[in-house]
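Some notes on the structure that comes next.
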Amino acid sequence: MAPEKTFYLETFGCQMNAHDSEKVIGTLRQQGYRQVETEQEAGLILYNTCSIRDKAEQKVFHRLNDYKRLYKEGKRFAVLGCVAQQEGERIFDRAPYVSLVSGSASYRKLPEMLTRLEAGEGRITGLDDRQTEETFETEFTARQNPYRAYITIIEGCDKFCSYCVVPYTRGKERSRTSSSVLAEARRIADLGYTEIQLLGQNVNSYRDPEGKLSFAELLAAVGQVPGIRRVRFTTSHPRDFTLDIVDAIDAVPTLCDHVHLPVQSGSARILEAMAREYTPEWYLERIAWLKAARRRISLSTDIIVGFPGETPGDFIQTMDLLAEVQYDCVFAFKYSARPNTPSLTMIDSVPEEEKAQRLQVLLERQREIQRSNYSRHIGEIIEVMVEGSNPNRGQVAGRSSQNKPVNFEWQQPIAPAPGSYLRVKITAAFPNSLVGEVV
Ligand code: 5AD
Ligand code: SF4
C-alpha cells in the first residue's frame, strides 16, 4: 500500500487568499491528500502567501527558514499565492528546500504540478505573465467557514494603482459568467449557507462574459436566491462604483447595509500620484449616494498614510475626509514600497516615525468617531448572525448585517450554532463592538 498523502496548509493575507485556499484544499483532497492540523503530521506543507506589504512578505520567508530541518525528514514544501507569483524562481534560491512555487492564476494546473512533485521533481513552477484569460473554478471547493460562503466573481486586477502589487501577483482582470456564479450560489444555499460574500479585487468592474448581467444585477440576483439571507461584496473601487449598486441595495433586503469603499487618501494630489483615477469630490459624491439610501448603510474604507510626497497638509485632508464621512471601520496602513510597482521609483519621503505618528493620530481620531457611531445603536434590536461561542464563559459572538461585531451572554446549556440568527437588544457599545441581550 502506498504511504498516505497528507498536507498542512496555512493562509496569509486577504479573503481572496482564504477562498483560494478553500479551492486548493478541495483540489488536494481530490488528488488523494488528507488535510492535517500540524506541520509535524504533514508530508506536504503549503503556504498561501501575501505580499501586499513588506511585513506580510517577510513573515513567509521567516517561516520557511524555520522548516529547513523538516525537509531532511522527507517533507516537501510549496509556496503559493502572491509572494510565489512575485518572487517566482528566486524563491528556490532563497529557500532551496521549496519544491513548488505557484501564483493564483496557475492553480488550474495544480493537479499536474502535484503529480510531478510526487514523482520526485523539484523546482516546479506555475507562474503567470498576465496572459491567463481563465478563472479557477472547481466543484471541489472545501469551504472552511461554517457560516459564510465565499464566491469569486472576478479575478485579477487591471487598475495598476501605483503602490499596489496585485496587478502583478493576480494577473489580468477576468470575470466568471453570471450563470456559473448563480449556479454556485444555488448550490451553496442547498448546502444550508445563508450568507454569501462575493469576492474580487475589484468586484464592481465585473463584466459578464455572457453579457447577461451587470454587477448590480448580479448582486440583486444572488440576493434573490431562495435561502440566502445576507449578501456582502468586497472590494469595490470608487472609479467603478455606480448608482445602480445603491439602487440594488435599496431594492433587495438581503443585500447587506454595508459597503467597503477604499479611499486611500483625502488629498487630490496624492490620489493622482497613486493613480487612483478619482478626486476626493468624486469619491464623496459616491458616499453621498450611499448616505441617501433608504436603509442607513454602514461605510468602511482603507487608507494609506505616508505615501511618497505626502505632506502634513495632505494628511490633514485625509483627516478632514474621515471627519466628513464618519466611517464605521477603517483599515489604515503605513505606505510600504513594493517590488515592480511604479511608486517604487518615487522617493519614499516620509520618515518611518512620521508614518507611524500619522497612523496613530488617524486611528485615535477614528476610534472617537466609532465610539460615537456605535453608541447610537444602544436600545436598538438588531438581527445577529452567530459566528462563534465560548461555552465556558457563556458568551456568543456574532455580526450584524452592517458587519458590526455583536457579543451577548448565553445561559442555556446548548450554544446557538454558527450561522443561526437571533434578535439582540443592544445594551452597551464600544468603538469596535456592540454588546446586547437576546430578546
Ligand atoms: N503599502 C501600504 N498599504 C498598501 N495597500 C495596498 N498596497 C499597499 C502598500 N504598498 C493597502 C491599501 C489596500 C489594502 C488592501 O492594502 O489600502 O486597499
Ligand atoms: Fe495579499 Fe493582495 Fe495577494 Fe490578497 S491579493 S494575498 S492582499 S497581496
Side-chain angles (χ1 to χ4, degrees), residues 15 18 143-150 188-189 191-198 222-223 225-234 249-250 252-261 290-291 293-301 322 325-331 363-439:
Q15 284 156 330
R143 298 190 186 279
Q144 308 285 293
N145 187 319
Y147 49 84
R148 176 179 296 164
Y150 295 115
I188 278 167
L191 288 172
Y193 280 98
T194 59
E195 179 169 316
I196 285 178
Q197 182 157 348
L198 301 179
V222 171
V225 168
I228 295 307
R229 288 175 70 165
R230 286 185 175 183
V231 181
R232 307 182 183 281
F233 54 99
T234 44
I249 297 175
D250 270 342
V252 184
T254 52
L255 303 186
C256 287
D257 40 357
H258 167 229
V259 170
H260 183 67
L261 198 59
L290 287 158
K291 286 187 174 173
R294 278 193 216 118
R295 280 178 285 169
R296 189 189 159 85
I297 296 180
S298 176
L299 301 167
S300 60
T301 201
L322 279 198
V325 179
Q326 299 279 308
Y327 295 104
D328 280 336
C329 181
V330 170
F331 300 93
L363 292 176
E364 271 168 26
R365 176 77 187 92
Q366 180 56 28
R367 205 176 154 78
E368 290 318 306
I369 292 172
Q370 282 176 220
R371 193 186 297 284
S372 134
N373 287 0
Y374 276 55
S375 69
R376 277 193 219 112
H377 290 292
I378 294 175
E380 284 178 8
I381 291 173
I382 293 183
E383 186 187 65
V384 176
M385 189 217 247
V386 173
E387 296 194 341
S389 59
N390 184 337
N392 296 331
R393 296 171 61 192
Q395 282 180 335
V396 175
R399 224 165 255 276
S400 69
S401 163
Q402 287 197 335
N403 210 33
K404 290 177 178 149
V406 183
N407 302 310
F408 52 92
E409 304 247 308
W410 188 262
Q411 311 302 359
Q412 289 149 44
I414 299 165
S420 53
Y421 292 82
L422 292 167
R423 287 163 61 76
V424 174
K425 181 164 187 190
I426 304 305
T427 53
F430 297 101
N432 284 303
S433 66
L434 301 169
V435 177
E437 50 202 38
V438 179
V439 293

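Just so you know, residue 1 is the first one in the sequence shown, and it goes up from there.
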- Task: Show the numbers, then the answer: is there a side chain to side chain contact (heavy atoms under 4.5 Å, CB included) between R229 and M385?
- Result: CA-CA 10 Å; R229 288 175 70 165; M385 189 217 247; over 6 Å; no
Residue set satisfying salt bridge (Lys or Arg N to Asp or Glu O under 4.0 Å) with R399, at least two apart, ordered chain then number -> E387
Contacts of H260 meeting ring-ring contact (aromatic ring centres under 6.0 Å, His included) (sequence neighbours excluded), chain-then-number -> F331
Applying ring-ring contact (aromatic ring centres under 6.0 Å, His included) to F233 and not counting sequence neighbours gives F215
How would you list, by chain and number, every residue that makes a side-chain contact (heavy atoms from CB on, under 4.5 Å) with [X], sequence neighbours excluded?
{"X": "R393", "value": "N390, Q395"}
{"X": "S298", "value": "H258, D328, Q402, K404"}
{"X": "A18", "value": "none"}

Any side-chain heavy atom of Q15 within less than 4.5 Å of one from R148? yes
Atom of [X], atom of [Y] and distance for their closest heavy-atom approach:
{"X": "I249", "Y": "C256", "value": "CG2-O, 4.2 Å"}
{"X": "L290", "Y": "L299", "value": "CD1-CD2, 3.7 Å"}
{"X": "H377", "Y": "I382", "value": "ND1-CD1, 4.0 Å"}
{"X": "P416", "Y": "V386", "value": "O-CG1, 3.7 Å"}

Can you sort out the partners of [X] under side-chain hydrogen bond (donor to acceptor under 3.5 Å, both in side chains), two or more places apart, ordered by chain and number?
{"X": "Y327", "value": "Y283"}
{"X": "S401", "value": "D257"}
{"X": "R371", "value": "E368"}
{"X": "R143", "value": "E184"}

Residues 405-417 vs side-chain hydrogen bond (donor to acceptor under 3.5 Å, both in side chains), sequence neighbours excluded, gives none
Would you mind writing out the side-chain donor-acceptor pairs for residues 417-439 within the sub-3.5 Å range, not counting sequence neighbours?
{"from": "S420", "atom 1": "OG", "to": "A417", "atom 2": "O", "distance (Å)": "2.5"}
{"from": "Y421", "atom 1": "OH", "to": "T194", "atom 2": "OG1", "distance (Å)": "2.7"}
{"from": "T427", "atom 1": "OG1", "to": "V435", "atom 2": "O", "distance (Å)": "3.3"}
{"from": "N432", "atom 1": "OD1", "to": "Q370", "atom 2": "NE2", "distance (Å)": "3.0"}

- Could you tell me whether R295 atom CZ has more than 12 heavy atoms of other residues or ligands within 6.0 Å of it? yes
Side chain to side chain contact (heavy atoms under 4.5 Å, CB included) between V325 and T301, intermediate numbers included
CA-CA 10 Å; V325 179; T301 201; over 6 Å; no
